[in-house]
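Reminder, nothing fancy here: chain letters follow the sequence lines and each chain counts from 1.
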Amino acid sequence: MQVDEATVRRIARLARIKVTDQEARALEKELSGILDWVKQLDEVDTGSVEPMTRVVAMTLRKRADVVTDGDMADQIIKNAPASEGTFFVVPKVVE
Amino acid sequence: MTELIKLTLAEAREGLRQKRFSATELARAFLDAIEAGNKALNAYVLATPEIALRQAAEADARFARGEPRPLEGLPLGIKDLYCTKGVRTTACSSILDAFTPTYESTVTQNLWDAGAVMLGKLNNDEFAMGSSNETSCFGPVVSPWRRTGSNVALVPGGSSGGSSSAVAADLCLGATATDTGGSIRQPAAITGTVGIKPTYGRCSRWGIVAFASSLDQAGPIAKTVRDAAILLRHMASTDPKDSTSVDAPVPDYEAALGAGVKGLRVGVPKEYRVDGMPREIEDLWQQGIDWLRSAGATIHDISLPHTKYALPAYYIVAPAECSSNLARYDGVRYGMRKPGKDLIDTYEATRAAGFGAEVRRRVLIGTYVLSAGYYDAYYLKAQKVRTLIKRDFDEAFGKVDVVLTPTTPGPAFGIGEVGGDPVQMYLNDIFTVTVNMAGLPGISVPAGLSSEGTPLGLQLIGKPFDEATLFRAAQAIENAAGRFTVAERWWDARLAPAKTAPARKPASKPKSGGKKK
């Protein structure tokens, strides 16, 4: 068991997902199972291996540093669950 | 009009050009088929008849003017992971609610620019996370295939299960799909359809709901190899909006089909002969080897020693990237919101209610492996293992042109049959996931039927951006194997629904009468 209930709660907090007590217990088992299974990677000697970053060697394309679009606030807030004018509305953050 | 829906995409293209039927008639035939069949299959989560008929009318006008585009009037289904302007796009997750994009994905825009017609949005596993299409917030998709003598509902594979089911059931001529660990090839294999995941970078990812950005690729699911070649040509492009899309011209894949496989070097990797592999999968593989050899290819034993580490490495890389990509679903900018007592509580409540169990599990795994102190042990380690997997293929491709493997470890299973242990479900991707990890192209082509009377596929893996050779080799397998179609259209409400006759065809080869090319 690598993952205990406290760890489940800690990562659920980091991931901003609320978990019930029952869910936390089930996740403890499921996550430990998955992490135990991926542990087999320890068998692989990766000492002098570079991590893979791309499939084929290519240089990232660059473009001129100019504004190419914008002025679409109405489109950006179109799907917001709560908005006022062209602002998103969220619960009060600062008292 | 059931004759029209049974056409392949290439045949429908020919029929439209010869004016044997109109684009409007073709679109209506599919819309009627969806109306009559979708209740039983749940392949579409949204039908878009107004758009289909409008695009079909435009197509007919272009035919009348003598100005048809390459895919003019051909009706397609679109996986609900592709953003479609003004049409609800959900990734089959409750958290996106009724999200309606104000923009169009590059791949779908390419298809509409080529004249294709949109029938609707297709079901998939939530955020494309699954191998059976059972994690969708719209409920599971049912395969049109059934086991011999049984009417148990089978899965169409996942995550592109709506795409594979709709293509196999003639509810579209072809469909878009996406593949992060096998989500095009595995559903294609177990529904008797053709699916190709092109090289990473061949299709733009812009406007496709992101799951794991270093693995995700778009591709088609189609009825034949030719149809898949036609579709991929018009999906692929170089896109300034996706910096990982490759700056290289898209070849005419269809033109490569006739070239044959004489002299083609086919590699057979010993590491894919896994413990407990069912006899019928081994036999199918051997059959594929024999077919290619008799078509003029040469067969070579190869070794891909890091194969067994691909799946565990995938289950670090994919959840890590998903936890990052899915951080955007916070109940503020789009989708659903579940109000809490403060902002953090609102985030937590929204994400708990909006994500399904498998998505929550992967976000949590991803958060864990990326959390302070674990990055090197998990994510970095997995990315190094990826280098080794890629290196195995690089070495193999010094000796061979394509690699032949089975697509899946077995045929379709029943809905609800693989539950409980998530790792058991993950094992479905054991033969497909290596391809994503190395970024290579892979195609699944129907090759036979299991002892249960359901389809099985073979996978061909190619060099980067050598999709043309994959299509050529896949065509050789299709020529030898023929096509596999469902004998009885049990899902079609228009066909005598009075007695619920279970599919009870003798096991012997219900190979379609479809002509070989």
Passing candidate, side-chain hydrogen bond (donor to acceptor under 3.5 Å, both in side chains) with S204(B), options D239(B), T244(B), T238(B): D239(B)
In terms of heavy-atom proximity below 4.5 Å to chain A, should [X] be classed as side chain, backbone, both, or neither?
{"X": "S371(B)", "answer": "side chain"}
{"X": "V423(B)", "answer": "side chain"}
{"X": "Y426(B)", "answer": "side chain"}
{"X": "L96(B)", "answer": "neither"}
{"X": "T346(B)", "answer": "side chain"}

Under the ring pair (Phe, Tyr, Trp, His ring centres under 6.0 Å) definition, can you give me all pairs with a residue in residues 68-95 of chain A, not counting sequence neighbours? none
What pairs meet the ring pair (Phe, Tyr, Trp, His ring centres under 6.0 Å) rule with one or both residues in residues 4-61 of chain A, with sequence neighbours excluded? W37(A)-Y315(B)
Got more than 12 heavy atoms from elsewhere within 6.0 Å of CD, E84(A)? no
Below 4.5 Å, heavy-atom pairs only: which of L60(A), V90(A), I34(A) has the largest tally toward chain B? I34(A)
Assert top hit (heavy-atom pairs under 4.5 Å, partner chain B, pool G33(A), A82(A), P81(A)) equals P81(A)
May I ask you to list the residues in residues 433-442 of chain B that approach chain A closer than 4.5 angstrom, counting heavy atoms only, ordered by number? M437(B), A438(B), G439(B)
Report, by ascending residue number, the residues of residues 61-77 of chain A in heavy-atom contact with chain B at a distance under 4.5 Å; give 'none' if the set is empty. R61(A), Q75(A), I76(A)
Are Y334(B) and F99(B) an aromatic pair by the rule of ring centers under 6.0 Å? yes
